[in-house]
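Protein chains get the first letters and strands the later ones, always in sequence-line order, with residue 1 at the start of each. Reckoned from all heavy atoms, side chains included, excluding hydrogens, waters and symmetry mates.
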There are 4 protein chains.
Amino acid sequence: MPSQNASRANDNARTDAKAPRREKGRARVAALLEAAGVEFAEKGFDAATMTSIAARAGASIGSLYQFFPTKDVLANALLETYLATLIGEFERLRELAPALDAAALAHRLAPALIAFRAAHPAFAPLVETPGRSLPAAAGVRQRLRREIAAVLSAKAPRMKAAHALVCAAVVQQLMKAAIAIHGETSFTHRAAVIDELERVMASYLETALGGLAPNSETISGV
Amino acid sequence: MPSQNASRANDNARTDAKAPRREKGRARVAALLEAAGVEFAEKGFDAATMTSIAARAGASIGSLYQFFPTKDVLANALLETYLATLIGEFERLRELAPALDAAALAHRLAPALIAFRAAHPAFAPLVETPGRSLPAAAGVRQRLRREIAAVLSAKAPRMKAAHALVCAAVVQQLMKAAIAIHGETSFTHRAAVIDELERVMASYLETALGGLAPNSETISGV
Amino acid sequence: MPSQNASRANDNARTDAKAPRREKGRARVAALLEAAGVEFAEKGFDAATMTSIAARAGASIGSLYQFFPTKDVLANALLETYLATLIGEFERLRELAPALDAAALAHRLAPALIAFRAAHPAFAPLVETPGRSLPAAAGVRQRLRREIAAVLSAKAPRMKAAHALVCAAVVQQLMKAAIAIHGETSFTHRAAVIDELERVMASYLETALGGLAPNSETISGV
Amino acid sequence: MPSQNASRANDNARTDAKAPRREKGRARVAALLEAAGVEFAEKGFDAATMTSIAARAGASIGSLYQFFPTKDVLANALLETYLATLIGEFERLRELAPALDAAALAHRLAPALIAFRAAHPAFAPLVETPGRSLPAAAGVRQRLRREIAAVLSAKAPRMKAAHALVCAAVVQQLMKAAIAIHGETSFTHRAAVIDELERVMASYLETALGGLAPNSETISGV
DNA sequence: GATGAATGAGCTTTCATTCAT
DNA sequence: GATGAATGAAAGCTCATTCAT
């Protein structure tokens, strides 16, 4: 009597992945997550099937459900691993930021995200699938925005928090723009547009962080 | 004893909506498209069901299939109507463009698209649903880009076609960015970010079209 | 929110029955095949419904599809089991053949097939249903013809392969004729006609195999 | 509230085709019957659809139902026209019969039916479709058998009616055999088998009608 | 822990037939 | 008579989830 799609309230149901106890279990979970990544990337969240994911991982469905009690939980767990590595990336960038000027920073940000997406093609469909209600998906954008803001703050410590968040939002959107163009493989002027976007970001950062940067000796005001 | 499925010859599969021939049919089709719009907007393409769409339109499921032989065709037909009105919007803008300066143009573009999306909330999910193969969905971005390029060319006739397309791509992405932020209703600094994006677009247009505008008397520079 | 139908990638469509791995599964499959046999026999391939077959077997529809991913596959699997037993029958006959004269052989062939059809009433409708494309249905006639040819060759080893195949075809048709008449229950002279057909077959075999039989001591020639 | 499949009892429903009143109507009916023939031949009775038949005939469904209130009625009407021409064929043969010897008769019978089937490819599927309950389909075999018996009686007037029917049944089956082989286009030895079958029929007729023929001066002997 | 059979609501789609225009 | 829209039962098939072994 399963209710095909129990996205919502479900009382005593686990909403988190179960941590494996043994070494073998850890390998299983890794294989399952990887398989899920491939499946979600290929078909999107809705069309992906638990059976197919298990098959890809060389496991039985029962085994899959042992660790991930729900399709949503599985997607969520996958998203969390992605998020962890992504945040790591930004943390590294945060340390570098003070030493970079606006152009250099712009030249790092978009490519970082593009590379990440290429390495984890299931990230986008999972974040964008409508109507999914698990915690992770919901806040991804916010969390990334905060990471970006942290990078900007690292570079311009005197900037107010609110302003940093606004800047971060703009930067985030410019990054998304670059990714979107990157994905349009049949578009002839792809490279040119990405360059242009990077220049836009550089000039925006210059303006926004300009006089606030720790290493700025120039007169603010641009 | 109808053989429900395709065991047999399955050639002449229609892939387009059937045009109604009677007045009543015309009304039906309109009601169905509207209902589809609501359903797709609420649930996205995958989760939307044909049964529910028919019900919303006060039609029987058979009636729905009389005009739209598959869910894909239905989505596609809907998308085409959206596209038609959207293109109309850009055509109007094209006529206005020569009289506007960069800032004014920027101030028109994003809001136009935001308003359109608000009026047709099913547009986004349909365009973004992965893996749908009908013609309309595929080329929407390109077609819109061309429209934007046409607007830019109207304003700066001396601009080369290729460059107009690159600019258009940047502008398109900035518009999408504005929409995305507009949709994040829980984000405190929404309005500020949208303003900022508009300023970015204005400055980008200034730089990109600057000396090429028909009404420019200043020295180009670029 | 599973995407019920094939909007998306639809590669790995299985086209064969899944073999059960557990004892319980084996029982299920047997029950399902038997139920399918009854249903197909009663209604023919087209009018038979998967739901009804599942119900007859006391299984859920899902259970049926677990093992037989389409109606065609199910029909095919059933046909294969029939074919296996039928071929077994002919193999037994092959061993007996050398010891039988033409009349005795004729007296065995048709009744064998009649008995088989009576025991497996779904065989005929499945073989004759037009337009089904699964492998088994296609070649049934050929395979049976080869079996008959083998029996004839066993009796008349000196016969050329091509000739054996021609004879086999004639014999096969005479068998089918007997079956057809056997099935016309309202025909008053059924028995007489079947007798007559048997005599025709006997005389045909006499002529065709006559001098070639291993036990023939008469002058060949005919 | 149509009951999808009302093959059976349906009270006051018409079970016969309505005769067209005007000239135009007659053309319509002819076109519809022809279209039905094509559709049934291509897909078989079950998979054929009324909509498609109407379309093939360049008519609307409404128009189709004006003349044929049911799919069964349509099939039946078609079958009747086929039967009429087929019976005409046998009547011609009946006149020729007395002048032909057994071999010549055999040489006429099978080819006649083969030609007929080639000209009317929908005949077979309609006659063989299981479970259809309309009058025509049911008795086709009997009627044809009677026609064949009439031909035989014309040749051998002294034969008893019952015996003629038995012979007719055998001949009928041999004809069906020839047709079946004729249809197996991929069978290398087709022609040889058909020849063989004809010889079998000739020899059978010789034996069965032998001494009873009006022109026979030979000793009967059977 | 692993396995794979079982479940059934629910989805898309079909089509014979009716009937207002 | 012709047309074509309307109807809805019913079919094939899917898949998240459960659970006995």
Worksheet item: Which sits closer to the 5' end of DNA chain E, D/Tyr65 or B/Ser52, going by the nucleotide each is nearest to?
Response: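 Here B/Ser52 is the residue nearer the 5' end.
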Item to complete: For B/Thr49 and for B/Gln66, find the nucleotide of DNA chain E with the closest heavy atom, then tell me which residue's nucleotide is more 5'.
Response: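 Its nucleotide being nearer the 5' end, the pick is B/Thr49.
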Contact class for [X] (heavy atom, under 4.0 Å): base, sugar-phosphate, or nothing?
X: C/Ala54; value: nothing
X: C/Arg22; value: base
X: A/Ala48; value: sugar-phosphate

Rounded interatomic separation in angstrom, taking [atom1] from [X] and [atom2] from [N]:
X: D/Leu64; N: F/dG1; atom1: CG; atom2: P; result: 15 Å
X: B/Arg26; N: E/dT21; atom1: CZ; atom2: P; result: 16 Å
X: C/Phe67; N: F/dT14; atom1: CZ; atom2: C1'; result: 16 Å

Proximal nucleotide (of [options]) relative to the [X] side chain:
X: B/Ser60; options: E/dT13, E/dT3, F/dT7; result: F/dT7
X: D/Ser63; options: F/dA2, F/dT17, E/dT12; result: F/dA2
X: C/Lys18; options: F/dG8, F/dA5, E/dA5; result: E/dA5
X: D/Lys71; options: F/dT14, F/dA2, E/dT17; result: E/dT17

Response to the item:
Dot-bracket for DNA chain F, 5' to 3', Watson-Crick and G-U pairs with both distances under 3.5 Å, [ ] for crossing pairs, | for partner on another strand, reads .||||||||||||||||||||
Discussion item. I want to check a possible cation-pi pair here: C/Lys71 against C/Phe45, using under 6.0 Å from ring centre and within 45° of the ring axis as the test.
Written reply: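 Yes - C/Lys71 lies over the ring of C/Phe45, closer than 6.0 Å to its centre and within 45° of its axis.
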Practice prompt. Keeping the roles fixed (side chain from A/Ser63, backbone from A/Ser60), state whether a donor-acceptor pair exists under 3.5 Å.
Written response: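 Absent.
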